Amino acid sequence: MINKSDCDWLHVDIMDGFFVPNISFGFPVLKYVAELCKKPLDVHLMIVQPEKFINEVKGLGAFTMNVHYEACPHLHRVIQQIKEAGMKAGVTLNPATPVSTLSDIICDVDLVMLMSVNPGFGGQKFIMHTLDKVRELRKMITERSATALIEVDGGVNRETGRQLCQAGVDVLVAGSAVFKASDPIKEINILKNIHA
């Protein structure tokens, strides 16, 4: 279904039960997902010490590796390692982490993902303050002449997606809105065309 849809990427969440309270699939399962999926993989590591898995993520053929600011005390080094491995480097911020924490690294990253729910579980309600964070991040990117895309994950649906796009988002991540829809392919098409 994903392969037939209009989605641009497949966003994959990896959870370790430590950084977030939930556990998701690991690399053996992801290997098969990567073989079946014809869409580029946007791999989001909600784990401690994500830098230990750069080679595994690269081995999947992922085009983006997304790590949490909160999980990387040496974030600049991790960003460099991801890029040296030949992937786009993404940094994710939890809802309580201010956008200003990225001021020293915004020109080094390819993508910033703002969590609009607390990471670890699907189906949560969208945190409205995320819209202000998107606007602040868009302003920072413009003022620094950075090229990072803005991605938002959590509680994204038709309504929040429209608000996010108006605020300056480039990439929408939708889980429940798509997979619980009666026609997921149509829902993906609707969400994608919010940008148009």
Side-chain angles (χ1 to χ4, degrees), residues 1-16 19-20 22 24-25 30 33-34 37-47 50 57 60 62-71 82 87-97 99 102 109-135 137-138 141 148-181 183-196:
M1 182 275 288
I2 292 291
N3 286 340
K4 291 177 182 174
S5 78
D6 289 333
C7 78
D8 296 303
W9 307 342
L10 177 62
H11 182 86
V12 183
D13 287 336
I14 301 178
M15 309 177 205
D16 62 1
F19 183 70
V20 294
N22 210 351
S24 69
F25 35 75
L30 273 179
V33 171
C37 187
K38 294 179 172 52
K39 305 289 184 175
L41 296 181
D42 175 27
V43 178
H44 174 201
L45 298 180
M46 292 185 258
I47 65 174
V57 174
L60 295 171
F63 98 106
T64 302
M65 179 171 164
N66 220 314
V67 299
H68 273 259
Y69 168 87
E70 302 84 2
I82 293 169
M87 295 178 286
K88 299 284 187 186
V91 174
T92 302
L93 298 183
N94 281 340
T97 304
V99 167
L102 297 178
V109 299
D110 299 298
L111 181 145
V112 175
M113 185 164 72
L114 301 177
M115 292 301 300
S116 45
V117 299
N118 288 296
F121 296 94
Q124 296 180 65
K125 187 177 178 192
F126 181 82
I127 297 172
M128 293 303 292
H129 176 63
T130 309
L131 295 170
D132 293 329
K133 291 178 75 173
V134 170
R135 293 183 194 102
L137 180 57
R138 174 58 61 203
I141 289 169
L149 297 176
I150 301 175
E151 182 175 22
V152 171
D153 182 6
V156 173
N157 56 38
R158 296 180 192 189
E159 177 57 26
T160 57
R162 182 185 58 76
Q163 293 173 298
L164 286 164
C165 289
Q166 288 174 345
V169 163
D170 300 297
V171 181
L172 298 173
V173 176
S176 298
V178 168
F179 293 104
K180 291 184 177 179
D183 186 344
I185 288 181
K186 181 180 177 185
E187 199 63 29
I188 289 169
N189 183 262
I190 289 167
L191 289 168
K192 181 167 178 174
N193 285 304
I194 289 174
H195 277 286

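Keep in mind it's a predicted model, so treat the numbers as computed, not measured.
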Report task. Answer whether the closest heavy-atom distance between the side chains of Leu45 and Met15 falls below 4.5 Å. Result -> no

Query raised in the report: Got a sec, which residues hit ring pair (Phe, Tyr, Trp, His ring centres under 6.0 Å) with Phe63, two or more places apart in sequence or on another chain?
Result: Trp9

Report task. For side chain to side chain contact (heavy atoms under 4.5 Å, CB included), just list the numbers for Met113 and Val152, CA-CA rounded to whole Å, side-chain angles, deciding distance to a tenth of an Å, and then say yes or no. Result -> CA-CA 5 Å; Met113 185 164 72; Val152 171; 5.9 Å; no

Query raised in the report: Say you draw a straight line from CG of Leu164 to CG of Asp170; how long is it, rounded to the nearest 0.5 Å?
Result: 11.0 Å

Report task. Could you grab the distance from atom CE of Met115 to atom CD1 of Ile127, nearest 0.5 Å is fine? Result -> 8.5 Å

Query raised in the report: Looking at residues at least two apart in the chain, or sitting in another chain, which of them share a side chain to side chain donor-acceptor pair (under 3.5 Å) with Ser116?
Result: none

Requested in this report: Taking the side chain as every heavy atom from C-beta outward, state whether Val12 and Asp42 have any pair of such atoms under 4.5 Å apart.
Outcome: no

Query raised in the report: Please walk me through it: do Arg138 and Ile150 pass side chain to side chain contact (heavy atoms under 4.5 Å, CB included)?
Result: CA-CA 8 Å; Arg138 174 58 61 203; Ile150 301 175; 3.5 Å; yes

Report summary line: Asp16 meets the side chain to side chain donor-acceptor pair (under 3.5 Å) criterion, sequence neighbours left out, with none

**Report entry** Ile14 side chain reached by Phe19 side chain, heavy atoms, under 4.5 Å
**Finding:** no

Query raised in the report: From Lys180 NZ over to Asn157 CG, what is the distance, rounded to the nearest 0.5 angstrom?
Result: 12.0 Å

Query raised in the report: Of all heavy-atom pairs between Ala71 and Pro50, which one has the smallest distance, and what is that distance?
Result: O-CD, 4.0 Å

Show every donor-acceptor pair shorter than 3.5 Å between a side-chain atom in residues 87-97 and any protein atom, with sequence neighbours excluded, or say none if there are none.
unit_1 : atom_1 : unit_2 : atom_2 : d
Thr92  : OG1    : Asn66  : OD1    : 2.6
Asn94  : OD1    : His68  : ND1    : 3.3
Thr97  : OG1    : Glu70  : OE2    : 2.5

Requested in this report: Determine the minimum heavy-atom distance between Lys133 and Val99, stating which atoms define it.
Outcome: O-CG2, 3.6 Å

Query raised in the report: Is there a side-chain contact between Leu191 and Lys186 (heavy atoms, below 4.5 Å)?
Result: no

Requested in this report: Supply the atom-to-atom distance Ile82 CD1 to Asp110 CG, rounded to the nearest 0.5 angstrom.
Outcome: 9.5 Å

Query raised in the report: Is there side-chain contact between Arg135 and Leu137, with at least one heavy-atom pair below 4.5 Å?
Result: no

Query raised in the report: Hey, does Ser5 have a side-chain heavy atom less than 4.5 Å from the side chain of Asn189?
Result: no

Query raised in the report: Met65 and His44: side chain to side chain contact (heavy atoms under 4.5 Å, CB included), yes or no, with the steps?
Result: CA-CA 6 Å; Met65 179 171 164; His44 174 201; over 6 Å; no

Query raised in the report: Could you state the interatomic distance from CG (Leu30) to CG (Leu10), rounded to the nearest 0.5 Å?
Result: 9.0 Å

Query raised in the report: How far apart are the closest heavy atoms of Leu131 and Ala167, and which atoms are they?
Result: O-CB, 4.0 Å

**Report entry** From CD1 (Ile185) to SG (Cys7), nearest 0.5 Å
**Finding:** 9.5 Å

**Report entry** Pairwise side-chain contact, Asp153 with His11, heavy-atom cut-off 4.5 Å (strictly under)
**Finding:** yes

**Report entry** Within residues 155-166 or reaching into it, pairs that qualify as salt bridge (charged side-chain N to carboxylate O under 4.0 Å, His left out) - sequence neighbours excluded
**Finding:** Arg158-Glu187, Glu159-Arg162

Query raised in the report: Who are the salt bridge (charged side-chain N to carboxylate O under 4.0 Å, His left out) partners of Asp6, not counting sequence neighbours?
Result: none

Query raised in the report: What's the shortest heavy-atom distance between Cys37 and Ile2, and which atoms?
Result: SG-CG2, 4.4 Å

Report task. Provide the closest heavy-atom pair for Asp8 versus Pro40 in the form atom of the first, atom of the second, distance. Result -> O-CD, 3.2 Å

Query raised in the report: With a 4.5 Å limit on heavy-atom distance, are the side chains of Val156 and Leu172 in contact?
Result: yes

Query raised in the report: Taking all non-hydrogen atoms of both residues, which atom of Val109 and which atom of Val112 are closest, and how far apart?
Result: CG2-CG2, 3.9 Å

